[in-house]
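Heads up, the thing below is written out as structure tokens.
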Amino acid sequence: MKKTPPLPGYLLGKYQITGTITFSVLFALIFLNIYIPFSDTAWFRLGDSVMFLLTAAYILVSMMILILSRVLMYKSRKYFQMTYLIYIIWCIAEIVVVCSIYTWLTVNIMSPHEESVLQIFGRSLLYGTIALGIPYIISGMYFAIIDKNNTIRLMSYDNVVTDEPMKPDTQKITLFDNNGSLKLSLSPDNLYYIESDDNYIKVWYTDSKGELKQYMLRCRLKAVEESFRGSALVRCHRKYIVNIRKVKVLRKESDGYVLDLDNEAIPTLPVTKTYTDIVLSHFTGESPLLEPTEF
């Protein structure tokens, strides 16, 4: 049986979750205001009345349910790997809960006699799927497009025609923004390490004056690892990729290996057991038996 592929990390970040909730709530409010005039059992009101207060309370409760659900979704990353199937079921469960509350309120407020509870729930589920399902899909596609445009690349300038003398095997690490515009280009010799910060990375490097700088880019550390596989940029920790050329000392401590870089302003970087063989192979010249898998 084919396993369901894991959900991309860009759908579980804080920024993405906040954006999804905000867009979904706004979309739902606009849709419901269009839907109200065509429904006989819709009790939403925007005027100064008791029904308006009830409407506001329902919207607030629904928002709290979505926020709590997405917070739990974000926290769940520590306990299990979210897949596409689990994500879809999770989204459906959110819609079902919100529509169930609407059905309960409709039955108790409107007391409709022409429709059964099941019919009311079925109709609310239909419109709830439109009101929340569509923004879920749109926001997912939007973040997928943004993620594809966030890249970090290693470019070779061996065959570039220039009026300036170029060193053999000249390479540059280039960082691009969401629009594909070049934002940072630096020599691998100036790069020390790359740090993961949720769905962003921090590139630590020295400028022309030798001062330590950082550049933040929305990109997954896994994408960087894959882009620079086989180079001097090596994964040593789930949060760090280090430039092996900048390692001054490799030390063995009680809880594992650590790396001291040739810049006193940079703290010691840990090496986890998962990446120990990979890191050691760059010092011993031996190839690691296995390459770790990290998401």
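If you're wondering where the values come from, they're calculated on a predicted model, not measured in any experiment. Worth knowing before you read on, the calculation uses all heavy atoms, side chains too, and leaves out hydrogens, waters and symmetry mates. Position 1 is the first residue of the sequence; numbering continues from there.
Linking ILVMFWY side-chain heavy atoms closer than 4.5 Å, directly or via other members, places Met73 and Leu68 in a single hydrophobic cluster. Taken together through direct or relayed side-chain contacts under 4.5 Å among Ile, Leu, Val, Met, Phe, Trp and Tyr, Val25 and Val71 form part of one hydrophobic cluster. Linking Ile, Leu, Val, Met, Phe, Trp and Tyr residues whenever their side-chain heavy atoms come within less than 4.5 Å leaves Val258 and Val242 in two separate clusters. Tracing side-chain contacts under 4.5 Å through hydrophobic residues (I, L, V, M, F, W, Y), one reaches Phe283 starting from Tyr240; they form part of the same cluster. Both Tyr79 and Ile86 belong to a common hydrophobic cluster when Ile, Leu, Val, Met, Phe, Trp and Tyr are linked at side-chain heavy-atom distances under 4.5 angstrom.
Remark: side-chain polar atoms of Ser69 are not paired, donor with acceptor, to backbone N or O of Ile65 under 3.5 angstrom. Side-chain atoms of Asp197 do not come within 3.5 Å of backbone N or O of Tyr200 as any donor-acceptor pair. With hydrogens and angles disregarded, a donor-acceptor distance shorter than 3.5 Å links the side chain of Ser281 to the backbone of Ile278.
To the nearest 0.5 angstrom, Thr22 atom OG1 is 8.0 Å from Ile67 atom CD1. Atom NZ in Lys246 sits 9.5 Å away from atom CG in Leu261 (nearest 0.5 Å). Arg70 contributes atom CZ, which lies 11.5 Å from atom CD of Gln16 (distance to the nearest 0.5 angstrom). Considering CD1 of Ile266 and NZ of Lys248, their distance stands at 12.0 Å, rounded to 0.5 Å. Atom-to-atom distance recorded for Thr272:OG1 and Asp255:CG is 11.5 Å, nearest 0.5 angstrom. To the nearest 0.5 angstrom, Thr206 atom OG1 is 10.0 Å from Glu211 atom CD.
Considering only heavy atoms from C-beta on, Leu186 stays 4.5 Å or farther from Tyr215 through its side chain. Side-chain contact check for Ile194 versus Trp204: every heavy-atom pair is 4.5 Å or farther apart. Side-chain contact check for Asn243 versus Tyr193: every heavy-atom pair is 4.5 Å or farther apart. Between Ile241 and Val234, the closest side-chain pair of non-hydrogen atoms is not below 4.5 Å. Looking only at side-chain heavy atoms (C-beta outward), Asp189 and Arg245 come within less than 4.5 Å of each other. Side-chain contact between Ile138 and Phe143: absent, with no pair of heavy atoms (C-beta onward) separated by less than 4.5 Å. Here the side chains of Tyr192 and Asp262 are in contact, with some heavy-atom distance below 4.5 Å. For the pair Ile89 and Ile92, the minimum side-chain heavy-atom distance is 4.5 Å or more.
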What's the verdict on side chain to side chain contact (heavy atoms under 4.5 Å, CB included) for Val117 and Trp104, showing C-alpha distance, side-chain angles and the deciding distance?
-> CA-CA 8 Å; Val117 174; Trp104 183 83; over 6 Å; no
Derivation and outcome, side chain to side chain contact (heavy atoms under 4.5 Å, CB included), residues Thr18 and Tyr74 = CA-CA 11 Å; Thr18 302; Tyr74 177 77; over 6 Å; no
List the steps, then state whether side chain to side chain contact (heavy atoms under 4.5 Å, CB included) holds for Leu259 with Cys236.
-> CA-CA 9 Å; Leu259 301 172; Cys236 66; 4.3 Å; yes
Go through the steps for Leu105 and Thr103 under the test side chain to side chain contact (heavy atoms under 4.5 Å, CB included), then give the verdict.
-> CA-CA 5 Å; Leu105 290 173; Thr103 301; over 6 Å; no
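Under the 30°/60° scheme for interplanar angles, the aromatic rings of Phe31 and Phe27 are found to lie parallel.
The neighbour count for Glu253 CD, taken as heavy atoms of other residues, nucleotides or ligands under 6.0 Å away, is above 12. Under a cut-off of 6.0 angstrom, the local environment of CZ in Phe80 is crowded, with over 12 non-hydrogen atoms contributed by other residues, nucleotides or ligands.
When all heavy atoms of Ser196 and Leu221 are compared, the pair lying nearest together is CB-CD2, 3.8 Å. When all heavy atoms of Val249 and Arg251 are compared, the pair lying nearest together is CG1-CG, 3.2 Å. Between His237 and Tyr275, the closest heavy-atom pair is N-CD1, 3.7 Å. In terms of heavy-atom proximity, Arg235 sits nearest to Val279 at O-CG2, 4.0 Å. Closest approach of Ile95 to Gly133, counting heavy atoms only: CD1-N, 4.1 Å. Nearest approach of Leu66 to Ile21, heavy atoms of both residues: O-CD1, 3.9 Å.
Tyr136 and Glu94 are linked by a side-chain donor-acceptor pair at a separation below 3.5 angstrom, with hydrogens and angles left out of the test.
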